[in-house]
Structure formats: structure tokens, C-alpha cells
Amino acid sequence: MTVKIEVGAGGIPHNQIVIYGLVGSLILIYLTYLNQVTGTEYFAFFGGLACVVALLWGADTIKHLCSYGLGTGVPSAGMIALGSGVIAALFGATTGVFAPIVALIVAAIIGAVAGLLANHVVRMDIPVMVISLTELAIVGAITVLGLVAMVGGTFNFLDLVTGTTVILGFAVKSYEASVIGGSIVAVIFMLAAIAIQHAFNACLGPGEQQDRTLMLAAECGFLSMIPVAVISFAFIAFIPALISLLVSVIGWAYTYAEYIKLSKRDAYAWLDAKPILEPKGGA
């Protein structure tokens with residue numbers, strides 16, 4: 001039997017965040033397809049923004065799941081999300097323009113199976129386990145696909161596994177010089193896994209507030225975009241990579257400043273809090 005531990009009340013209902021996160025991230029990730037339409041790479045940064053929106057959804061889902069006494073399960077939830085997401089994203093990337101939709105469907109199946117195993121085999125018996133792991137798997141898939149599109153300018157699998165290198169003045173295909181062949185997906189995995197779990201893990205406690213938690217999630221998303229933007233200089237043109245870096249830094253600076261403001265607000269609210277006194281004579 002599990003006991004639900006209530007965390008910060010109020011704010012935007014979780015179901016609304018699911019809708020905003022799903023629709024918003026899909027729209028943003030599809031905007032990266034403008035690179036193929038226009039023959040440029042200037043729209044790669046939209047993949048990073050899709051990651052940020054998905055992480056907002058993911059952070060609230062982890063809060064929703066871990067309110068059932070799973071404080072130590074926050075890192076595990078993040079790793080399951082991205083582990084499922086990598087499989088779904090890479091499979092979806094093989095389907096061209098349908099990649100985000102296919103990745104979403106495959107991720108939902110993997111997440112649902114993981115949730116059923118957790119409840120009925122591991123016997124965790126958490127009411128929201130199946131739906132939460134399904135959501136987290138989808139968030140992981142969108143996050144991976146978004147950052148992959150940001151670093152490579154596309155979510156097309158063939159373009160992600162084939163790069164070019166110059167030998168004696170001739171450009172030849174090189175799988176090692178590609179986004180997937182260069183193990184960039186492994187870097188994306190760790191950046192996104194830490195980002196998705198950190199917000200609620202850092203804000204968890206009696207003073208947890210939804211706006212502060214979600215602002216930290218956005219800040220973590222933009223922070224993860226910065227190294228991905230730096231890596232993208234090796235795979236896309238200089239100007240598109242520079243645009244991605246500028247968007248990442250500006251987004252991070254803004255969300256970090258806002259998070260500090262919200263932290264000061266909530267810290268001030270606790271200034272008059274009285275310490276918990278031990279009963280006289282011992283417990």
C-alpha cells in the first residue's frame with residue numbers, strides 16, 4: 001500500500017500542463033523541419049525549445065508521481081524517461097517527417113509496459129505509475145529528438161548517422177563524424193536525464209511551489225541547450241549554431257534570474273517560521 005504525500009498545492013492543473021507540453025513541444029519540434037523545406041539550418045534552435053517545453057511537462061509529471069512517497073525515486077524516473085525516450089526517438093527518426101508522432105507512439109507503449117511491470121511485477125502498486133511512466137517516456141522521446149535536431153539540424157535518421165570528413169581535399173562520408181556515430185546521443189541522454197529530474201528534486205519540501213519548480217525546469221532545459229549548441233558548431237553551419245547558442249544563453253539567463261527571484265520570495269515567506277521543538281523529557 002502506498003501513502004500519497006501532498007506537495008505544493010494550487011497552480012496549473014497537471015492535465016493542462018500535459019496538453020500544453022504535448023502540443024507545444026510537437027509544434028516546436030516540427031518547426032525544425034523548416035530546415036528541410038528552406039534548405040537551411042537556421043531553425044535548428046526550435047528543437048532545443050521543444051526540449052524546454054517537454055521538460056516543463058516532465059518536471060510536473062515527476063512531481064505528480066513522486067508525491068506518492070517516492071522521493072528517492074526521482075532520479076530513477078528521470079533515467080527511465082530518457083532510456084525509453086532514446087529508443088523511441090531513434091526508431092521514430094527512421095520514419096522521416098512522421099518521426100515526432102511515431103516516437104511519441106513508441107514511447108507511450110514502452111512507458112506503459114514499464115509502468116505495468118512496476119505495478120504488477122515489482123508490486124509498487126502506485127495508482128499513477130502507468131500513466132506517469134507513459135508521460136515520462138513521451139517527454140524523454142521528445143527531449144532526445146529535439147536536442148538531436150538542434151545539434152544536427154534535422155531529425156532524419158540517415159542524416160544523423162552520416163557525416164562528412166575531408167581527406168586530401170576530397171569530402172567523403174564518415175559515420176564517425178555524424179551525430180549518432182560521434183556518440184552525441186549519449187551526451188544528450190545525460191544532459192536531459194539530469195535536467196528532467198533536477199527541478200522537483202531540488203524544490204521538494206514543505207515550501208515547494210509549482211511556479212518555482214517549473215521555472216527551475218525551464219532553466220535546466222536552457223542550461224542543457226548551451227553545451228548542445230556548442231557541439232552543433234561541429235555539425236551545422238556557423239551562423240545557425242551561433243543563433244542556437246544565443247537563444248540558449250539568453251533563455252538560461254532569463255530563467256535563472258526569475259528562479260532566483262522566486263527562491264527569494266519563498267525563502268522570505270519562511271523567515272517567521274518557528275523551529276520544531278523537541279518535547280520536554282524526550283520523544
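Counting from 1, the numbers follow the sequence of the chain as shown.
For the pair S25 (side chain) and L22 (backbone), a donor-acceptor distance under 3.5 Å is present. Y259 places no side-chain N or O within donor-acceptor distance of the main-chain N or O of A217, the cut-off being under 3.5 Å. In this structure a side-chain-to-backbone donor-acceptor pair under 3.5 Å is missing from N119 to M124. Looking only at distances, no side-chain donor or acceptor of T32 sits under 3.5 Å from a matching main-chain atom of G47. A donor-acceptor pair under 3.5 Å links the side-chain atoms of N35 to the main chain of Y42, judged by distance alone. Q36 places no side-chain N or O within donor-acceptor distance of the main-chain N or O of T154, the cut-off being under 3.5 Å.
With rounding to the nearest 0.5 Å, the separation of CG in L216 from CD1 in I260 is 9.5 Å. Note that the CD1 atom of I188 and the OG atom of S183 stand 11.0 Å from one another [nearest 0.5 Å]. The distance from the CG atom of L55 to the SG atom of C220 is 8.0 Å, given to the nearest 0.5 Å. Annotation: the span from E219 atom CD to R212 atom CZ amounts to 13.0 Å, rounded to 0.5 Å. Once rounded to the nearest 0.5 Å, the distance linking CG of L56 with CG of L214 reads 6.0 Å. Here the straight-line distance linking atom NE2 of H64 with atom CD1 of I17 works out to 10.5 Å at 0.5 Å rounding.
Pairing each heavy atom of I196 with each of L136, the nearest pair is CD1-CD2, 4.1 Å. Across all non-hydrogen atoms, the minimal contact from A54 to T143 is CB-OG1, 3.7 Å. Minimum heavy-atom separation, A89 to L145: O-CD1, 3.7 Å. Contact detail for W57 and I142: the closest heavy-atom pair is CZ3-CD1, 4.4 Å. Shortest non-hydrogen contact noted between Y30 and V97 is OH-O, 2.7 Å. In terms of heavy atoms, A192 sits closest to L147 at CB-CD1, 4.5 Å.
H14 has its side chain out of reach of V128: every pair of non-hydrogen atoms, C-beta onward, lies at least 4.5 Å apart. Using a 4.5 Å heavy-atom threshold, the side chains of P227 and V187 count as separate. Here the side chains of M215 and K261 are not in contact, with every heavy-atom distance at 4.5 Å or above.
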message = Run V102 and I105 through side-chain contact (heavy atoms from CB on, under 4.5 Å) and show every step you take.
response = CA-CA 5 Å; V102 174; I105 294 171; 5.8 Å; no

Criterion side-chain contact (heavy atoms from CB on, under 4.5 Å) on L26 and L104, from CA distance to verdict = CA-CA 9 Å; L26 280 178; L104 186 153; 3.9 Å; yes

request  = Check the pair F43 / V37 against side-chain contact (heavy atoms from CB on, under 4.5 Å), numbers first and verdict last.
outcome  = CA-CA 11 Å; F43 303 96; V37 175; over 6 Å; no

ask   = side-chain contact (heavy atoms from CB on, under 4.5 Å) between F157 and I180: does it pass, once the steps are laid out?
value = CA-CA 9 Å; F157 186 80; I180 293 178; 3.7 Å; yes

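In the hydrophobic clustering of ILVMFWY residues, with side-chain heavy atoms under 4.5 Å counting as a link, M190 and F222 come out together. Under the 4.5 Å side-chain contact rule for hydrophobic residues, I109 and V106 share a cluster. Cluster annotation: L133 and V130 are assigned to distinct hydrophobic clusters (Ile/Leu/Val/Met/Phe/Trp/Tyr, side-chain heavy-atom contacts under 4.5 Å, transitive). Follow the hydrophobic side-chain contacts under 4.5 Å out from I184 and you never reach L158; the two are in separate clusters.
Counting only residues at least two apart or on different chains, no ring pair (Phe, Tyr, Trp, His ring centres under 6.0 Å) pair has a member in residues 80-122.
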Please report, to 0.1 Å, the donor-acceptor pairs under 3.5 Å made by any side chain of residues 228-246, with sequence neighbours excluded.
unit_1 : atom_1 : unit_2 : atom_2 : d
S232   : OG     : A229   : O      : 2.5
S244   : OG     : P240   : O      : 3.3

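Using a 30° and 60° split on the angle between ring planes, F155 and Y33 fall in the parallel class, below 30°.
Take S84 and apply the side chain to side chain donor-acceptor pair (under 3.5 Å) test, not counting sequence neighbours, and it matches no residue.
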